[in-house]
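The structure appears right after this line, and notes come after that.
Every heavy atom of this structure was used, including side-chain atoms; hydrogens, water molecules and symmetry mates were not.
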Amino acid sequence: MRQRRLRAGTLAVFVAVLMAIGVSGLPSAASVASAASVASAASAASAADNPYQRGPAPTAASIAADRGPFATAQVTVPRGNGFGGGVIYYPTDTSQGTFGAIAIAPGYGTAWSYYAWQGPRLASFGFVVIGIETNTPGDYADARATQLLAALDYLTNSSSVRDRVDRTRLAVGGHSMGGGGAILAGLQRPSLLTVVGQAPYVPDGSLSGIKIPTVVFAGQTDGTVTPQYAQNAYNTIPAAVERAYVEIANEGHGFPAGGGGGNSGAFARTMMVWMKLFIDKDTRYAPFLCSTLSNANGISKYMASCPLDPPGGGPTPTPTATPTPTASPSPSPSGGTGALRGVGSGRCLDVVGASQTNGATVNIWDCNGAANQRWTSNSSGELRVYGGKCLDVNGAGTADGTAVIIWDCNGQNNQKWRFNTDGTITAVGSGKCLDVSGNGTANGTKVHIWTCLGANNQKWTRA
């Protein structure tokens with residue numbers, strides 16, 4: 001039913017949403033010196049091992065910039081060759097060999113001109129980009145998949161820049177219905193290195209057949225391809241496939257056409273880093289994605305199959321952008337299932353309103369033995385409730401005060417916890433403690449993460 005609503009009930013909305021986009025300034029990026037340090041340290045070794053690496057070692061400032069180190073040019077592609085024409089953007093530098101490439105399809109009813117800002121931006125970081133026009137604005141996902149693959153074939157075999165393209169390092173992307181086309185193209189041609197879904201329509205609502213690294217972007221306020229729809233699709237990606245889910249804060253369906261304004265710059269920044277890792281196999285960029293995003297400005301939720309390791313890309317540097325405990329998570333010393341009672345309050349860790357909805361918050365409440373207070377710790381370090389939901393640090397956050405919620409278990413570090421001998425429980429992804437806000441003791445006091453202090457509001461026992 002969900003697929004039919006998207007195919008029949010919201011196609012016209014795609015156009016209206018895109019036309020209504022406003023443009024404002026690019027958000028500033030936080031400087032993360034530790035991530036930059038790791039990237040620089042890995043640079044010399046990876047340059048020798050990786051013939052695909054292009055450009056200088058990344059820094060927090062360089063990945064946040066709206067232009068990379070390469071000068072670019074572009075050439076218009078006429079209609080024909082199996083797709084509706086478009087524009088190719090490419091680095092003008094001929095001293096570094098060939099470049100990886102991506103074909104990107106627009107959303108339903110829209111032209112490439114809405115997304116043209118992505119072309120020179122990505123090309124300036126060392127990629128060849130072909131932004132396509134579709135044969136007709138109303139082409140569905142299957143037609144767009146065929147056209148994306150035709151565009152890659154044209155790019156590598158017939159285009160005026162074919163000698164600049166490494167035909168072994170190709171990828172596809174697209175927005176909305178174009179994202180659906182990219183997904184189908186990835187299924188049809190598993191030699192592609194990655195799929196970049198930009199608020200993608202997902203045929204059949206499932207990505208269970210995908211076999212190549214996939215990143216799903218969503219807009220936090222998108223009413224067309226909603227975050228829940230995108231997350232549900234993301235959760236079907238097989239465990240063996242490298243993947244990430246990136247939710248762009250305060251943006252609707254049109255963020256890929258935002259020109260870098262609003263928080264669309266956060267989308268472009270993260271997409272570029274993902275492409276560097278999976279098209280260029282450049283592990284210097286890995287610390288900017290794992291264990292959490294080094295720059296989460298403009299991003300409301302992030303999940304990834306960390307550590308991200310591109311096939312054939314060699315070892316991924318150990319990220320140090322956030323303090324991650326070196327000890328493996330261990331199950332509770334006081335048993336595997338039961339309530340967790342706060343030492344300072346005497347009340348139990350409780351899912352608000354006994355909700356089983358993703359994103360439901362967690363607080364303390366009188367211990368009552370109900371299912372929303374029964375937590376199972378396992379050898380993976382998860383704290384499960386209701387069987388399939390995990391205690392989750394919202395958005396993989398690391399800041400003091402980041403909310404703790406429940407979410408479908410996905411194996412990420414923001415859902416892993418270490419039980420310590422002093423009674424504290426540490427979030428593996430942040431190194432911070434499960435904490436009752438403000439040393440509160442009243443029913444309904446929220447629970448979040450906070451710098452470990454050893455106080456009683458951070459200590460728990462099995463009830």
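- No donor-acceptor pair under 3.5 Å is formed between the side chain of Arg284 and the backbone N or O of Pro58.
- Tyr108 has its ring centre no less than 6.0 Å from the ring centre of Tyr201.
- Between the Thr357 side chain and the Ala360 main chain, no donor and acceptor come within less than 3.5 Å of each other.
- Under a 3.5 Å cut-off, the side chain of Arg54 and the backbone N or O of Phe125 do not form any donor-acceptor pair.
- When side chains are defined from C-beta on, Val351 counts as touching Tyr386, because their heavy atoms get closer than 4.5 Å.
- Rounded to the nearest 0.5 angstrom, Thr221 OG1 and His253 NE2 are separated by 11.5 Å.
- Of all the heavy atoms in Ile210 and Val241, the pair that sits closest is O-CG2, 3.4 Å.
- Taking the side chain as every heavy atom from C-beta outward, Val129 and Arg121 never approach each other to under 4.5 Å.
- Going from atom CZ of Phe288 over to atom CD1 of Ile63 covers 5.0 Å, rounded to the nearest 0.5 Å.
- Relative ring orientation between Tyr89 and Trp112 is described as tilted, the plane-to-plane angle lying within the 30° to 60° band.
- At least one donor-acceptor pair closer than 3.5 Å links the side chain of Tyr302 to the backbone N or O of Leu289.
- Looking at every heavy atom in both residues, Tyr234 comes nearest to Ser305 through OH-N, 4.3 Å.
- Between Pro238 and Ser208, the shortest heavy-atom distance links the atoms CG-O, 3.2 Å.
- Under the 3.5 Å distance criterion, the side-chain polar atoms of Thr283 are left unmatched by any main-chain donor or acceptor of Ala286.
- Side-chain contact between Leu184 and Pro203: present, with at least one pair of heavy atoms (C-beta onward) separated by less than 4.5 Å.
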*Report the C-alpha distance between Arg189 and Asp153 in whole Å, list the side-chain angles of each, state the deciding distance to 0.1 Å, and finish with yes or no for salt bridge (Lys or Arg N to Asp or Glu O under 4.0 Å).*
CA-CA 12 Å; Arg189 190 174 290 184; Asp153 292 341; 3.0 Å; yes

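- Using a 4.5 Å heavy-atom cutoff, the side chains of Val246 and Met271 are not in contact.
- Side-chain contact between Asn358 and Gln228: present, with at least one pair of heavy atoms (C-beta onward) separated by less than 4.5 Å.
- For Asn235 and Asn410, the side-chain atoms include no donor-acceptor pair closer than 3.5 Å.
- Screening Asp392, Ile406, Val385 against Val362 for a side chain to side chain contact (heavy atoms under 4.5 Å, CB included) leaves a single residue, Ile406.
- For Thr426 (side chain) and Val428 (main-chain N/O), no donor-acceptor pair under 3.5 Å exists by modelled atom type.
- Of all heavy-atom pairs between Gly180 and Pro200, the closest is N-CB, 4.3 Å.
- Among all heavy-atom pairs drawn from Thr224 and Asp222, the shortest one is N-OD1, 2.7 Å.
- Distance CE/Met272 to CG/Leu277: 11.5 Å, rounded to 0.5 Å.
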*Evaluate the side chain to side chain contact (heavy atoms under 4.5 Å, CB included) criterion for residues Glu247 and Ile299: first the C-alpha distance (whole Å), next the side-chain angles of each, then the deciding distance (0.1 Å), finally the verdict.*
CA-CA 6 Å; Glu247 186 179 285; Ile299 294 171; 5.5 Å; no

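- Here the closest heavy-atom approach between residue Phe267 and residue Pro256 is recorded as CE2-CA, 3.8 Å.
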*Could you walk me through whether Asn157 and Arg167 pass the side chain to side chain contact (heavy atoms under 4.5 Å, CB included) check?*
CA-CA 9 Å; Asn157 296 323; Arg167 62 178 55 247; 3.0 Å; yes

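- A donor-acceptor pair under 3.5 Å links the side-chain atoms of Thr214 to the main chain of Ile212, judged by distance alone.
- In summary, the side chains of Ser206 and Asp204 do not present any donor paired with an acceptor at a separation below 3.5 Å, with no hydrogens or angles considered.
- The structure places CD1 of Ile405 at 4.0 Å from CG of Asn394, a figure rounded to the nearest 0.5 Å.
- By the 4.5 Å heavy-atom criterion applied to side chains, Leu434 and Leu391 are counted as neighbours.
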*asked:* Does Leu192 form a side chain to side chain contact (heavy atoms under 4.5 Å, CB included) with Leu149? I'd like the steps, not just the answer.
replied: CA-CA 10 Å; Leu192 296 174; Leu149 295 177; 4.1 Å; yes

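- Remark: side-chain polar atoms of Glu251 are paired, donor with acceptor, to backbone N or O of Asn263 under 3.5 angstrom.
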_Stepwise side chain to side chain contact (heavy atoms under 4.5 Å, CB included) test for Asp400 and His448_ = CA-CA 8 Å; Asp400 283 348; His448 54 203; over 6 Å; no

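- Side-chain contact between Val202 and Val216 is absent, with no heavy-atom pair separated by less than 4.5 Å.
- The main-chain N or O of Ala268 is never found under 3.5 Å from a side-chain atom of Gln118 such that the two would form a donor-acceptor pair.
- Here the side chain of Arg144 pairs a donor or acceptor atom with the backbone of Asp139 at under 3.5 angstrom.
- You'll find the side chain of Phe83 stays beyond 4.5 Å of the side chain of Glu133, heavy atoms only.
- Within the model, atoms CZ of Arg164 and CD1 of Ile88 stand 11.0 Å from one another, a figure rounded to the nearest 0.5 Å.
- Note that the CG atom of Asn414 and the SG atom of Cys390 stand 9.5 Å from one another [nearest 0.5 Å].
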